[in-house]
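Structure, as structure tokens:
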Amino acid sequence: MASFTYFSFFFFFILLLVLTFQTSTTKATYSSYHDSSKCSHDGPSIHYPFHIKGSLPGFELLCKENLTTIHFPSYGDLVVKSISYDTKKIQLLDPKNCVHGVFLNLNLSSTPFQYYHVLKNYTYLNCSTKLSTPSFTEVPCLSASGSHVYTVDPELHVPGSCNGFKTVAIPFEYSPYISDNSLGLALTWNLPHSEERKDKAISKTTDSHTTRYTVLGLSMCSLAVAIALMMISIIKVTGSTWNCSEKEDPLLQSLPNVYSTIF
């Protein structure tokens with residue numbers, strides 16, 4: 001029993017050293033891509049592929065007045081509400097509070113982003129007079145006196161006072177019941193091929209990192225059990241030796257009496 005316990009102790013001690021060394025070699029790679037930062041306490045966590053100052057084009061974020069922003073040349077700055085790295089979803093807000101102005105002008109073709117939700121074609125109409133038909137709902141943030149803007153299905157008949165000036169694929173048409181200007185401003189991203197391979201490697205490193213820590217924890221528990229068993233074995237052996245000593249002492253003391261009786 002004692003020899004088995006010593007062997008278990010030695011085996012788990014060696015395993016602990018190996019796992020600790022392997023974990024330390026992967027930790028540097030893991031940390032370099034997952035060290036995060038924030039523009040504010042409540043702001044989204046920023047880490048790979050996004051960065052505040054980095055070399056990956058298209059993923060640079062800016063901190064402005066405690067807000068996390070991202071710049072698109074075709075439109076300007078948008079506020080980053082949240083980032084989900086698991087689902088590759090970045091939720092944006094328009095600081096001008098005009099989501100359909102973003103839809104109208106935002107060009108994602110030269111960026112690594114695309115809309116997260118399913119898109120449908122809608123036509124933007126510019127009308128010289130306000131339309132009273134229920135099928136046309138004016139977009140207030142794009143309209144002005146003598147210029148009334150609507151988003152409609154391209155198949156609808158265009159009134160004579162209106163001119164369709166742009167048809168774009170967007171997540172939804174304008175509705176006054178949609179008050180959250182972040183709805184529809186959800187984007188997903190694609191990494192360049194070389195970065196995609198790097199991202200997969202990082203994911204594997206993350207999984208390996210987690211697995212090593214799990215095995216390390218189990219090994220430490222096993223080591224603790226082995227040490228406990230060793231201590232119990234030592235205590236039992238010590239106790240047995242002590243009991244034998246106690247039994248031997250009276251026996252040794254009685255030997256002179258036995259000897260004197262015989263002789």
Hey, are the side chains of [X] and [Y] touching, using non-hydrogen atoms and a 4.5 Å cut-off?
X      : Y      : result
Ile83  : Pro44  : yes
Pro112 : Leu191 : no
Thr151 : Phe103 : no

- Message: Strictly distance-based, threshold 3.5 Å: is any side-chain N or O of Ser74 a donor or acceptor partner for the main-chain N or O of Leu106?
- Response: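 No, Ser74 side chain to Leu106 backbone: no donor-acceptor pair under 3.5 Å.
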- Phe165 backbone acceptor or donor facing Asn163 side chain under 3.5 Å: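 No.
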Atom [atom1] of [X] and atom [atom2] of [Y]: how far apart are they, to the nearest 0.5 Å?
X      : Y      : atom1 : atom2 : value
Ser109 : Gln114 : OG    : CD    : 12.0 Å
Trp189 : Leu108 : CH2   : CG    : 14.0 Å
Tyr174 : Thr137 : OH    : OG1   : 8.0 Å

- Non-hydrogen atoms of Pro171 and Gly184 that approach each other most closely: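 Closest pair (atom of Pro171, atom of Gly184, distance): CG-O, 3.5 Å.
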Hey, can you pull the donor-acceptor pairs under 3.5 Å for the side chains in residues 139-149, sequence neighbours left out?
| residue | atom | partner | partner atom | Å |
| --- | --- | --- | --- | --- |
| Ser143 | OG | Glu138 | OE2 | 3.0 |
| Ser143 | OG | Val139 | O | 2.8 |
| Ser143 | OG | Val149 | N | 2.9 |
| Ser147 | OG | Asn126 | OD1 | 2.9 |
| His148 | ND1 | Glu138 | OE2 | 2.9 |

What pairs with [X] under side-chain contact (heavy atoms from CB on, under 4.5 Å), at least two apart in sequence or on another chain?
X      : result
Lys166 : Leu104, Val168
Ser82  : Gln91
Ser84  : Asp86, Thr87, Lys89

- Show the numbers, then the answer: is there a side chain to side chain contact (heavy atoms under 4.5 Å, CB included) between Ile46 and Ile52? CA-CA 8 Å; Ile46 302 170; Ile52 295 178; 4.0 Å; yes
- Task: Report the residues that fulfil side-chain hydrogen bond (donor to acceptor under 3.5 Å, both in side chains) with Ser37, sequence neighbours left out, ordered by chain and then residue number.
- Result: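 Once residues adjacent in sequence are excluded, Ser37 has no partner under the side-chain hydrogen bond (donor to acceptor under 3.5 Å, both in side chains) criterion.
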- Task: Would you please name every residue forming a side-chain hydrogen bond (donor to acceptor under 3.5 Å, both in side chains) with Thr188, sequence neighbours left out?
- Result: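 Thr188 satisfies side-chain hydrogen bond (donor to acceptor under 3.5 Å, both in side chains) with no residue once adjacent residues are dropped.
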- Task: Could you note down all residue pairs passing salt bridge (charged side-chain N to carboxylate O under 4.0 Å, His left out) where residues 38-50 supplies at least one of them, sequence neighbours left out?
- Result: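 Listed by first then second residue: nothing to list.
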- Task: Can you tell me which residue pairs pass the salt bridge (charged side-chain N to carboxylate O under 4.0 Å, His left out) test with a partner in residues 102-115, sequence neighbours excluded?
- Result: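 Every candidate salt bridge (charged side-chain N to carboxylate O under 4.0 Å, His left out) pair involving residues 102-115 fails, so no pair, neighbours aside, qualifies.
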Show me the side-chain donor-acceptor pairs of residues 115-124 shorter than 3.5 Å, one per line, residues at least two apart or across chains.
| residue | atom | partner | partner atom | Å |
| --- | --- | --- | --- | --- |
| Thr123 | OG1 | Thr167 | OG1 | 2.8 |
| Tyr124 | OH | His100 | O | 3.0 |
| Tyr124 | OH | His100 | ND1 | 3.3 |

Contacts under 3.5 angstrom, residues 59-72 side chains, donor-acceptor by atom type, not counting sequence neighbours:
| residue | atom | partner | partner atom | Å |
| --- | --- | --- | --- | --- |
| Lys64 | NZ | Asp77 | OD2 | 2.5 |
| Thr69 | OG1 | Leu62 | O | 3.2 |
| His71 | ND1 | Asp77 | OD1 | 2.8 |

- Message: Quick one about Tyr75 and Asp94 (side-chain donor to acceptor, distance below 3.5 Å, no hydrogens or angles considered), yes or no?
- Response: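 A donor-acceptor contact under 3.5 Å links the two side chains.
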- Task: Under 4.5 Å between side-chain heavy atoms, chaining through other members, with only Ile, Leu, Val, Met, Phe, Trp and Tyr counted: pull out the rest of the cluster around Leu125, sorted by chain and number.
- Result: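 For the cluster that includes Leu125, the remaining residues are Leu131, Phe136, Tyr150, Val152, Leu156, Val158.
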- Excluding sequence neighbours, so at least two apart, what forms ring-ring contact (aromatic ring centres under 6.0 Å, His included) with Tyr85?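 Listed in chain order: His47.
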- Message: With side chain to side chain contact (heavy atoms under 4.5 Å, CB included) as the criterion, how do Leu93 and Leu78 come out once you've worked through the C-alpha distance, each side chain's angles and the decisive distance to 0.1 Å?
- Response: CA-CA 6 Å; Leu93 295 169; Leu78 292 173; over 6 Å; no
